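Here's the structure, in structure tokens; my notes come after.
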Amino acid sequence: MAHATFTAEGQNMESFRLLSGHKIPAVGLGTWRSGSQATHAVVTALVEGGYRHIDTAWEYGDQKEVGQGIKRAMHAGLERRDLFVTSKLWCTELSPERVRPALQNTLKELQLEYLDLYLIHWPFRLREGASRPPKAGDVLDFDMEGVWREMEKLAKDNLVRNIGVCNFTVTKLNKLLGFAELIPSVCQMEMHPGWRNDTMLELCKKNHIHVTAYSPLGSQEGGRDLIHDQTVDRIAKKLNKTPGQVLVKWGIQRGTSVIPKSLNPDRIKENIKVFDWVIPEQDFQALNSIPDQKRVLDGEDLFVNKTEGPYRTVADLWDHED
Ligand code: NDP
């Protein structure tokens, strides 16, 4: 259930309660591939759009720009405690001794004292300087328990308020739950009507782990064009909303927070105007029935080496669960 908790720019902003007791705003700004324009996008989102939740990662290479945007928004009057900032631990840092230095570097780039959420970006360790696609020896063993223990210490030391994971499978999440002293607050996964991933959503709900839906609009060019999907378009016209708004709202109605990325000020503001209306049940079910379910971000380019392994196929990455 989403709770209406605070008002930003005159609109009722919903949030979800995490296991830790903290709240995560239902809509956040994604910043992947935002580059030097991230500062402007973050300022627009926070100051004009009423966003309070920003999603970034060391790997996006834009943490400094995101940090500048947050700083400007705070100069404009926002308080740090009202913001929810997420970043992610990259694959080259997935060994216990590298976790804390990586977080410290992220805090420095963002010019922040703490993060609201720190996520394991992908459950695969890469050698520094790994190629895309990886060469033999680029994908290394990942000590999940050792890394998670270090994540837990970051939370205990209040450097991060919540810890979590991204791109996990049922197999991997169950393994983590087997030894975790601190259950992940959040699991961030690709989710949109073209890849609903009901199995992971159900497993997370069962364990009270909140899910954040990434690439909610089907990602960028080369992704899945849901903005022009017939069903999405029909429902948008019927509700007098835009396809982007319908896609964001669909995620919230499923109980997930949603992090659409945009660099366009009008679209940034449009994507968060989703709080004073609902998608009727029949239309919600139509979105739940869009055929051709397929991941956009399958990890192939990053982690699959067809001849040398250790992951020779996309199915190997996802533990043959899809
Ligand atoms: P999205 O699904 O958010 O789609 C972004 C694309 O949609 C951009 O091309 C954007 O263009 C366009 N767009 C935005 N709003 C609208 C609109 N209202 N109407 C039409 N087009 C629109 O893609 P992302 O893959 O970026 O996912 C969102 C975020 O999720 C990322 O930025 C990142 O923060 C996170 N993420 C996390 C991953 C992980 O492994 N944990 C993996 C991938 C993403 P324009 O900018 O021109 O508006």
Side-chain angles (χ1 to χ4, degrees), residues 24-25 27-38 40-42 44-45 49 51 53-63 65-66 69 84-91 94 110 115 117-124 126 163-169 172 184 186-195 197 200 210-229 232-233 236 241-251 256-274 295-303 317-318:
I24 184 168
V27 179
L29 180 75
T31 63
W32 182 33
R33 294 167 168 164
S34 294
S36 61
Q37 295 179 70
H40 189 247
V42 168
T44 303
Y51 286 65
H53 171 181
I54 305 290
D55 183 87
T56 186
W58 176 83
E59 200 267 339
Y60 301 164
D62 60 10
Q63 288 191 137
E65 289 77 7
V66 168
F84 192 100
V85 182
T86 302
S87 188
K88 314 184 190 92
L89 177 71
W90 184 239
C91 305
L94 278 193
L110 287 166
L115 289 182
L117 176 61
Y118 199 37
L119 300 168
I120 291 178
H121 203 150
W122 286 87
F124 307 104
L126 289 176
I163 52 176
V165 298
C166 306
N167 299 306
F168 265 42
T169 55
K172 292 187 179 82
V186 173
C187 180
Q188 187 179 115
M189 302 291 301
E190 177 181 343
M191 282 186 188
H192 44 70
W195 177 248
N197 202 351
M200 277 304 287
H210 175 74
V211 173
T212 297
Y214 80 62
S215 303
L217 311 176
S219 204
Q220 332 257 326
E221 241 167 79
R224 174 110 178 221
D225 185 4
L226 292 166
I227 295 288
H228 297 100
D229 178 275
V232 176
D233 189 54
K241 301 293 172 194
T242 68
Q245 289 170 327
V246 167
L247 291 165
V248 171
K249 187 72 186 188
W250 175 82
T256 66
S257 52
V258 185
I259 46 172
K261 171 261 173 188
S262 181
L263 293 175
N264 175 292
D266 292 334
R267 288 194 282 276
I268 290 173
K269 289 182 244 178
E270 165 191 322
N271 290 342
I272 199 170
K273 288 188 180 137
V274 291
R295 291 179 195 276
V296 173
L297 276 289
D298 63 13
E300 176 165 9
D301 193 40
L302 281 165
F303 308 112
L317 296 179
W318 300 98

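Bear in mind the structure is a predicted one, so any value in this text is a computation, not a measurement. First listed ligand is number 1; within each ligand, the first listed atom is number 1. We use all heavy atoms of the structure for the numbers below, so side chains are in, but hydrogens, waters and symmetry mates are not.
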Problem - Least distance between heavy atoms, Val248 atom then Val258 atom - result: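 Between these two residues, the closest heavy atoms are O-CG2, 3.6 Å.
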
Exercise for the section: List for me each residue that meets side chain to side chain contact (heavy atoms under 4.5 Å, CB included) alongside Gln63, sequence neighbours excluded, and say none if there are none. Expected result: Thr56, Trp58, Ser87, Thr106, Glu109, Leu110

Exercise for the section: Report the relative orientation of the aromatic rings in Phe303 and Trp90; use parallel for angles under 30°, tilted for 30 to 60°, perpendicular for over 60°. Expected result: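 Plane angle between 30° and 60°, so tilted.
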
Problem - Axial cation check for Trp195 ring with Arg224, 6.0 Å and 45° limits - result: no

Problem - Near ligand 1, at a heavy-atom separation below 4.0 Å: residues by chain and residue number - result: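 Gly30, Thr31, Trp32, Asp55, Tyr60, Lys88, His121, Trp122, Cys166, Asn167, Gln188, Tyr214, Ser215, Pro216, Leu217, Gly218, Ser219, Gln220, Ile227, Gly244, Ile259, Pro260, Lys261, Ser262, Leu263, Asn264, Arg267, Glu270, Asn271.
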
Problem - Contacts of Trp122 that satisfy side-chain hydrogen bond (donor to acceptor under 3.5 Å, both in side chains) - sequence neighbours left out - result: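 For Trp122, no residue satisfies side-chain hydrogen bond (donor to acceptor under 3.5 Å, both in side chains) once neighbours in sequence are set aside.
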
Completion exercise
With sequence neighbours left out, the residues meeting side-chain hydrogen bond (donor to acceptor under 3.5 Å, both in side chains) with Lys88 are Asp55, Tyr60

